[in-house]
Amino acid sequence: MHSTHMKLTILGSTGSIGQSTLALIEQHRDRFEVVALTASSNWELLAKQCQRFKPKYAVLTEEQAVGHLEKTLKTEGLDTTVLYGQKGLTHVASLQEVDTVMAAIVGAAGLIPSFSALSHGKTVLLANKEALVMAGSLFIQEAQKNHATLIPVDSEHNAIFQCLPSSFSVGCKPEGIARLTLTASGGPFLHTPIEKLASVTPEEASAHPKWSMGKKISVDSATMMNKGFEVIEAHWLFDMPPSSIQVVIHPESIVHSFVHCIDGAILAELSQPDMQIPIRAALAWPNRMVSPIPSLEITELNTLQFLPIDRKRFPLLSLAYAVLEEKGTAPVSLNAANEIAVEAFLARKLSFMNISTVVHRAIEKLPVRSMTTLQEVLAADLLARTMTRELIER
Ligand code: NAD
Ligand code: MG
């Protein structure tokens with residue numbers, strides 16, 4: 001069955017997930033064909049990726065970068081077509097010749113192109129959790145309506161997915177499953193005294209002890225907003241009520257989740273904390289692909305710890321549960337407010353502790369509306385961004 005040749009678009013190919021995906025594809029060149037690559041502004045890296053993978057299309061969303069990429073590709077004699085902006089992204093996410101889309105853009109910017117991939121019945125490997133946080137119900141409906149396959153790449157969700165029978169379809173409640181537990185490493189500040197958190201720098205917040213990731217998700221991991229988003233993500237992917245999704249601290253990041261069956265059995269996937277493992281599992285699904293990453297030594301797993309989480313230390317996790325209960329546009333506001341606050345923190349315009357304060361304030365102020373269309377999602381997103389920016393400026 002290995003003759004299957006996968007034709008891929010990689011949204012966000014210059015990011016941490018995008019680069020890991022390409023590194024993996026490079027190990028199996030005969031099985032994958034890269035049709036399109038995309039980035040926001042890093043045209044130098046995108047040019048290098050084009051040289052290596054010879055895609056038909058390359059997309060940039062920052063206008064100034066387009067000319068640079070075009071010139072470089074021309075000098076190198078490549079006939080890759082360069083496209084620009086959201087239009088370019090949705091175009092390459094929905095190309096007829098593409099069967100699989102790796103959705104690895106960070107943040108709300110990934111919503112429309114990954115949605116478009118679902119509308120066109122593609123297999124979507126979803127790393128971009130913010131898309132599900134913002135538009136979970138619409139996203140799942142769109143996948144079901146168009147018989148698109150959705151496979152989670154986020155390590156916790158991919159681990160759960162691996163534990164479920166291959167007949168399981170994302171968005172449906174898995175049979176015989178009572179509840180889910182997501183593990184959290186605790187991030188870089190698990191043991192930092194709370195009074196010291198006020199003065200941590202973007203560098204400290206981005207230095208995750210176990211995973212190497214993009215800047216935004218690293219900060220989200222430090223505030224535990226990431227785990228809150230993952231609770232919302234699990235709710236939509238596995239149709240579980242929020243009360244059936246728990247979080248435990250697991251500093252070693254070896255067990256990626258627990259699936260609790262109704263008969264008392266617990267299933268789990270264990271591996272090194274390396275995103276190539278869930279990415280490979282998603283690309284190979286429902287089969288398996290051989291990996292150069294060494295498997296764990298079982299006899300070295302004697303010290304795994306699982307600890308209850310201190311909600312006072314991580315108030316954004318509780319906020320995510322509250323927002324999930326509210327439904328409607330509340331999760332859209334949470335995602336947008338957090339994106340703006342993290343951006344301000346990374347630009348040293350907001351302290352680490354104030355990320356949570358600002359997000360809480362924005363959520364208190366913003367209206368919660370029901371939403372049934374993507375336009376309503378985008379309107380709520382815009383409103384939340386504007387209001388959060390105002391809160392930060394004051
Ligand atoms: P990253 O910052 O390293 O890369 C983001 C990619 O998106 C880059 O290619 C960038 O060019 C592109 N991009 C950024 N803003 C854009 C915009 N406005 N328009 C178009 N493209 C844009 O991020 P990452 O760590 O690779 O994470 C990607 C997604 O995967 C995130 O949603 C993250 O939560 C999720 N995720 C990441 C990891 C990880 O280990 N890095 C693990 C689980 C889930
Ligand atoms: Mg995760």
Side-chain angles (χ1 to χ4, degrees), residues 9-23 36-46 48-49 58-63 65-66 69 83-90 92-93 102-114 124-134 151-161 182-187 206 208 210-221 224-234 237 247 250 253 255-257 269 271-279 282 335-336 338-339 342-343 346 381 385:
T9 282
I10 301 174
L11 301 170
S13 64
T14 56
S16 159
I17 295 285
Q19 291 186 58
S20 294
T21 305
L22 284 176
L37 297 173
T38 86
S40 56
S41 59
N42 190 349
W43 61 271
E44 285 109 328
L45 180 54
L46 192 56
K48 282 193 195 123
Q49 294 179 339
V59 185
L60 285 162
T61 54
E62 198 173 282
E63 203 171 358
V66 172
L69 181 64
L83 303 174
Y84 161 67
Q86 276 283 333
K87 242 177 135 179
L89 293 178
T90 44
V92 298
M102 166 56 83
I105 290 175
V106 61
L111 174 63
I112 300 290
S114 40
V124 175
L125 315 182
L126 188 72
N128 179 211
K129 66 189 86 188
E130 295 91 346
L132 266 186
V133 170
M134 296 173 75
I151 302 178
V153 170
D154 208 350
S155 57
E156 298 76 3
H157 308 74
N158 183 268
I160 293 168
F161 186 76
L182 307 179
T183 53
S185 71
S206 306
H208 197 278
K210 288 290 168 191
W211 298 91
S212 136
M213 312 180 282
K215 274 205 179 111
K216 191 246 176 194
I217 184 176
S218 297
V219 176
D220 287 348
S221 299
M224 214 53 91
M225 183 76 274
N226 181 53
K227 212 46 63 177
F229 287 160
E230 291 183 353
V231 169
I232 300 177
E233 191 185 6
L237 290 171
V247 175
H250 170 41
S253 296
V255 180
H256 301 298
S257 278
E269 184 256 356
S271 71
Q272 310 274 12
D274 183 328
M275 283 307 292
Q276 277 210 24
I277 290 173
I279 294 170
N335 179 68
N338 179 67
E339 259 182 64
V342 169
E343 210 176 272
L346 288 172
D381 176 72
R385 279 166 200 272

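If you're wondering where the values come from, they're calculated on a predicted model, not measured in any experiment. Atom set for the values below is all heavy atoms of this structure, side chains included, hydrogens, waters and symmetry mates excluded. Numbering of ligands and ligand atoms starts at 1, following listing order.
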Value rounded to 0.5 Å, distance of CG in N158 from OG in S257: 9.5 Å
Enumerated ligand 1 atoms positioned under 4.0 Å from heavy atoms of T61: 19 (N), 20 (C)
Of the N, O or S atoms in E156, the one nearest the Mg ion (ligand 2): OE1
Nearest neighbour in protein (non-hydrogen) for atom 36 (N) of ligand 1: I217 CD1, 3.6 Å
Sequence-distant partners of E233, side chain to side chain donor-acceptor pair (under 3.5 Å), two or more places apart: H157
Closest approach of any protein heavy atom to atom 4 (O) of ligand 1, naming residue and atom: G15 CA, 3.1 Å
Geometric N/O contact I17 with ligand 1, under 3.5 angstrom: yes
Identity of the N, O or S atom of D154 lying closest to the Mg ion (ligand 2): OD1
Identity and distance of the protein heavy atom lying nearest atom 21 (N) of ligand 1: I105 CG2, 3.7 Å
Atom indices of ligand 1 within 4.0 angstrom of A109 heavy atoms, with elements: 17 (C), 18 (N), 19 (N)
E130 to ligand 1, any heavy atom closer than 4.0 Å: yes
N/O donor-acceptor pair under 3.5 Å between K210 side chain and Q272 backbone: no
Under 3.5 Å, which donor-acceptor pairs do the side chains of residues 12-20 form with other protein atoms, sequence neighbours left out?
{"from": "S13", "atom 1": "OG", "to": "T38", "atom 2": "O", "distance (Å)": "3.2"}
{"from": "S13", "atom 1": "OG", "to": "Q49", "atom 2": "OE1", "distance (Å)": "2.8"}
{"from": "Q19", "atom 1": "NE2", "to": "T14", "atom 2": "O", "distance (Å)": "2.9"}
{"from": "S20", "atom 1": "OG", "to": "S16", "atom 2": "O", "distance (Å)": "3.1"}

Heavy-atom nearest option to atom 14 (C) of ligand 1, drawn from T21, V106, I112: V106
Option of least heavy-atom distance to atom 6 (C) of ligand 1 (set: G18, A104, G110, P152): A104
Residue, atom name and distance, where the atom is the protein heavy atom closest to atom 34 (O) of ligand 1: K129 CE, 3.2 Å
Name, closest N/O/S atom of E230 to the Mg ion (ligand 2): OE2
Within-cut-off N or O pair, G214 and ligand 1, under 3.5 Å: yes
Ligand-residue contact atoms, ligand 1 with A39, heavy atoms, under 4.0 Å: 11 (O)
Option with minimal heavy-atom separation from atom 15 (N) of ligand 1, where the choices are S40, S13, G88: S40
Flag side-chain contact, heavy atom, 4.5 Å: K129 against N226: yes
Minimum-distance protein heavy atom relative to atom 35 (C) of ligand 1: A127 O, 3.1 Å
Any N42 heavy atom less than 4.0 Å from ligand 1: no
Polar atom proximity, S16 to ligand 1 (N or O, under 3.5 Å): yes
Sub-3.5 Å N/O-N/O distance, T14 and ligand 1: yes
Distance from atom 43 (C) of ligand 1 to nearest protein heavy atom, with residue and atom: D154 OD1, 3.1 Å
